[in-house]
Amino acid sequence: MSFKKLDELGRKLEALEHAQAILGADEATHMAVGGGEKRAEAMATLAGMYHRQATASEVADWIVAAKAEPLDEDQQAALREFERQYINLTCLPAEFVERQTAARLRSEQLWRDLRAKNDWAGFRPALENIVALVREEAGLRAAVLKLSPYDALMEQYDPGNRAADIAPVFAELKTFLKDFVPEALAVQDEKLAKRPLKPLSGIYPIEKQRELGLAMMAAVGFDLNHGSLSVSHHPFCGGVPTDVRITTRYKTSDFLSSLMGVLHETGHALYEQNLPKEWSHWPLGKARGMAVHESQSLFVEKQLGRNPAFWRWALPVVEKDLGEAWTLKDILPHVHRVERGLIRVDADEVTYPLHVILRFELEQDLVSGRLEVADLPEAWDAKMRDYLGLSTIENAADGPMQDVHWPSAAFGYFPSYTLGAMMAAQQWAALTREHPAADDEIARGDFNAVNAWRRERIWSQGSRYSTPELLERATGEKLNAAHFITHLKRRYGKS
């Protein structure tokens with residue numbers, strides 16, 4: 001049977017994915033600096049083995065033949081994902097992949113050096129080369145996938161999402177936020193005038209913070225028998241579903257930054273740990289895409305971790321592990337801090353979407369050719385002034401050079417961040433409609449019902465549905481900005 005051959009291929013590919021994932025997590029956490037060269041060789045070899053096996057010509061024959069075989073519903077869904085994966089892996093010629101990979105690596109290395117020097121003029125030619133290659137990739141993918149060029153790029157991160165559907169939702173959110181950011185800042189100032197901010201003590205030993213993080217991870221549902229917590233330069237969730245590696249970074253002056261990072265990565269980890277195990281070797285058994293994954297991490301970090309109900313339960317845990325007592329009224333101004341800033345990764349949940357919408361708009365223009373790299377700093381500055389009242393002119397390091405995504409040719413990725421936040425709010429709204437006691441349970445440290453809802457609606461579905469279909473099935477409606485807007489108003493607006 002041809003499906004049996006695909007099933008066997010899936011097991012081989014899963015083994016290679018496992019090795020690559022664990023080697024990658026180890027490189028970022030425990031590998032000695034001198035091990036880098038040989039580790040890169042090993043990972044490149046594994047990646048080559050994976051690509052050759054996944055794109056072999058006989059796989060296409062197996063897919064065609066399997067369509068004529070008697071398959072159950074799960075196998076039919078798996079076959080659809082095998083075909084989707086094969087098409088997306090084979091629509092770029094090997095010569096192009098090699099050319100783009102070499103350019104991307106050079107661009108990333110140059111970016112790391114020149115961003116620190118704010119050297120836009122030195123970096124611009126490399127980015128122009130990357131954008132030319134991205135336009136070429138978009139054209140190649142679009143021809144095979146029968147999509148617009150930008151949608152063909154976005155399909156690699158969020159299957160089923162289309163710019164024509166996202167743009168009006170983002171436009172509604174942008175219009176709201178441009179007025180709401182000043183309101184949220186005014187509300188914050190008014191509260192702080194009545195009750196000044198209680199400063200953090202700044203005495204938080206790393207080991208104590210680690211114990212607090214582990215306690216929070218376990219409480220919200222992380223399985224410590226199938227995962228671990230380490231330290232890295234930038235927090236991430238890696239590994240495999242049976243051995244999830246999450247990381248954080250610590251500042252002894254501030255326990256909240258690490259804790260929120262831990263909660264965010266735990267959200268990713270819960271999704272991975274609860275994917276359907278019987279499908280783990282099929283593309284069907286993987287997480288659906290970046291927006292869905294981000295919705296799970298932001299659900300834990302924002303809908304749970306910044307929820308006042310969560311802190312009613314968490315404050316005694318903080319006191320136990322850190323030896324520091326806080327009242328709810330003193331901790332929430334730290335947890336809900338709003339501030340205009342230039343840097344996306346440092347932004348709060350009110351201003352963050354504007355950073356993403358800016359990039360979403362600019363990268364569509366770059367891919368289509370409506371905007372050239374030479375004009376990018378001015379275009380970035382104009383939008384930053386309009387959306388957040390800040391300027392990046394003569395400051396490309398904090399403007400179009402601040403993220404690694406474009407230097408590494410990752411166009412179509414940025415929408416996932418804000419889509420994830422909106423989807424998380426929409427999931428929370430649906431969950432609390434069905435389960436009004438959620439806040440009371442969270443305040444007692446009981447996350448069972450919340451996780452049961454997410455397991456049934458999101459985690460157990462794997463990649464059975466496209467991103468929009470999964471959200472609509474889980475919440476009963478298409479992506480709707482109203483839920484995220486309502487969430488922000490309740491948490492940061494005038495009461």
(request) Report the C-alpha separation of Ile246 and Met217 in whole Å, then their side-chain angles, then the decisive distance to 0.1 Å, and conclude whether the side-chain contact (heavy atoms from CB on, under 4.5 Å) test is met. (result) CA-CA 10 Å; Ile246 74 171; Met217 287 163 60; 3.6 Å; yes

Take a 6.0 Å sphere around [atom1] of [X] and say whether it holds more than 12 heavy atoms from other residues, nucleotides or ligands.
| X | atom1 | result |
| --- | --- | --- |
| Lys198 | NZ | yes |
| Arg433 | CZ | yes |
| Glu73 | CD | no |
| Arg490 | CZ | no |

Is it the case that [X] and [Y] place a side-chain donor and acceptor less than 3.5 Å from each other?
| X | Y | answer |
| --- | --- | --- |
| Tyr492 | Gln188 | no |
| Gln273 | Trp459 | no |
| Glu14 | His281 | no |
| Tyr50 | Glu17 | yes |
| Glu469 | Ser466 | yes |
| Asn88 | Gln156 | yes |
| Thr242 | His226 | no |
| Gln296 | Gln427 | yes |
| Thr247 | Ser232 | yes |

(request) Evaluate side-chain contact (heavy atoms from CB on, under 4.5 Å) for Val317 paired with Trp313, printing each intermediate quantity in order. (result) CA-CA 7 Å; Val317 184; Trp313 162 75; 4.0 Å; yes

(message) Taking the ring of His334 and the ring of Trp326, is the distance between their centroids below 6.0 Å?
(response)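 Yes, close enough.
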
(message) So that I know where these two stand, are His487 and His483 an aromatic pair - ring centroids less than 6.0 Å apart?
(response)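 No - the distance between ring centres of His487 and His483 does not fall below the 6.0 Å cut-off.
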
Check the angle between the aromatic planes of [X] and [Y] and answer parallel, tilted or perpendicular using the 30° and 60° thresholds.
| X | Y | answer |
| --- | --- | --- |
| His405 | Tyr413 | perpendicular |
| Trp279 | Trp282 | parallel |
| Phe310 | Phe447 | tilted |

Any sub-3.5 Å donor-acceptor pair from [X]'s side-chain atoms to [Y]'s backbone N or O?
| X | Y | result |
| --- | --- | --- |
| Asn451 | Val220 | yes |
| Ser280 | Lys277 | yes |
| Ser463 | Lys286 | yes |
| His355 | Gly341 | yes |
| Arg337 | Asp348 | no |
| Trp380 | Thr392 | no |
| Ser408 | Val404 | yes |
| Gln402 | Leu342 | yes |

[X] and [Y]: which non-hydrogen atoms are nearest, and at how many Å?
| X | Y | value |
| --- | --- | --- |
| Gly213 | Val262 | O-CG1, 3.9 Å |
| Val292 | Leu470 | CG1-CD2, 3.8 Å |
| Gly239 | Ala21 | O-CB, 3.4 Å |
| Leu197 | Pro333 | CD1-CB, 3.5 Å |
| Ile87 | Leu145 | CG2-CD2, 3.7 Å |
| Ser460 | Pro276 | O-CG, 3.7 Å |

(message) Rounded to the nearest 0.5 Å, what separates atom OG in Ser201 from atom CZ in Phe255?
(response)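 These two atoms lie 8.5 Å from each other.
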
(message) Distance check, rounded to the nearest 0.5 Å: Asp254 atom CG versus Leu200 atom CG?
(response)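 Answer for the CG-CG pair, Asp254 versus Leu200, is 5.5 Å.
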
(message) Against the six-membered ring of Phe299, is Arg454 placed for a cation-pi contact (under 6.0 Å from the centre, within 45° of the normal)?
(response)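 Judged by the rule, Arg454 and Phe299 form a cation-pi pair.
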
(message) Is the terminal nitrogen or CZ of Arg344 (NZ for Lys, CZ for Arg) located under 6.0 angstrom from the six-membered ring centre of Tyr417 and within 45° of that ring's axis?
(response)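 Yes, Arg344 and Tyr417 form such a contact.
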
(request) With the side chain counted from C-beta on, respond yes when Leu13 and Gln85 share a heavy-atom pair under 4.5 Å apart, and no when they do not. (result)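 Contact flag for Leu13/Gln85 side chains = yes.
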
(message) I want to check something: taking the side chain as every heavy atom from C-beta on, are Glu477 and Asn480 in contact at a cut-off of under 4.5 Å?
(response)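 Side-chain contact under 4.5 Å: yes.
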
Decide, yes or no, whether a salt bridge links [X] with [Y] under the criterion of side-chain N to carboxylate O below 4.0 Å.
| X | Y | value |
| --- | --- | --- |
| Lys174 | Glu361 | yes |
| Asp151 | Arg141 | no |
| Glu8 | Lys4 | yes |
| Glu81 | Arg464 | no |
| Glu272 | Arg245 | no |
| Arg306 | Glu349 | no |
| Asp7 | Arg11 | yes |
| Arg288 | Asp158 | no |
| Arg104 | Glu108 | yes |

(request) List the steps, then state whether side chain to side chain donor-acceptor pair (under 3.5 Å) holds for Glu472 with Tyr465. (result) CA-CA 10 Å; Glu472 187 170 359; Tyr465 306 108; over 6 Å; no

(request) Applying side chain to side chain donor-acceptor pair (under 3.5 Å), run through Glu294 and Ser416 and close with a yes or a no. (result) CA-CA 7 Å; Glu294 201 65 19; Ser416 302; over 6 Å; no

(message) Set out, in order, the CA-CA distance, both residues' side-chain angles and the distance that settles side-chain contact (heavy atoms from CB on, under 4.5 Å) for Arg359 and Trp406, then state yes or no.
(response) CA-CA 10 Å; Arg359 289 156 173 80; Trp406 290 347; 4.3 Å; yes

(request) Determine, step by step, whether Leu328 and Arg312 satisfy the side-chain contact (heavy atoms from CB on, under 4.5 Å) criterion, reporting the C-alpha distance in whole Å, the side-chain angles of both residues, the deciding distance to 0.1 Å, and the verdict. (result) CA-CA 7 Å; Leu328 196 62; Arg312 285 202 291 275; 3.9 Å; yes

All N/O donor-acceptor pairs, side-chain side in residues 176-187, below 3.5 Å, sequence neighbours left out:
{"residue": "Lys178", "atom": "NZ", "partner": "Asp386", "partner atom": "OD1", "Å": "3.1"}
{"residue": "Lys178", "atom": "NZ", "partner": "Asp386", "partner atom": "OD2", "Å": "3.3"}
{"residue": "Glu183", "atom": "OE2", "partner": "Lys494", "partner atom": "N", "Å": "3.3"}

(request) Applying ring pair (Phe, Tyr, Trp, His ring centres under 6.0 Å) between Phe360 and each of Phe170, Phe411, Phe414, report the one that passes. (result)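 Going through the options one by one, the only one that passes is Phe170.
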
(request) Determine, step by step, whether Ser297 and Glu265 satisfy the side chain to side chain donor-acceptor pair (under 3.5 Å) criterion, reporting the C-alpha distance in whole Å, the side-chain angles of both residues, the deciding distance to 0.1 Å, and the verdict. (result) CA-CA 6 Å; Ser297 62; Glu265 302 308 333; over 6 Å; no

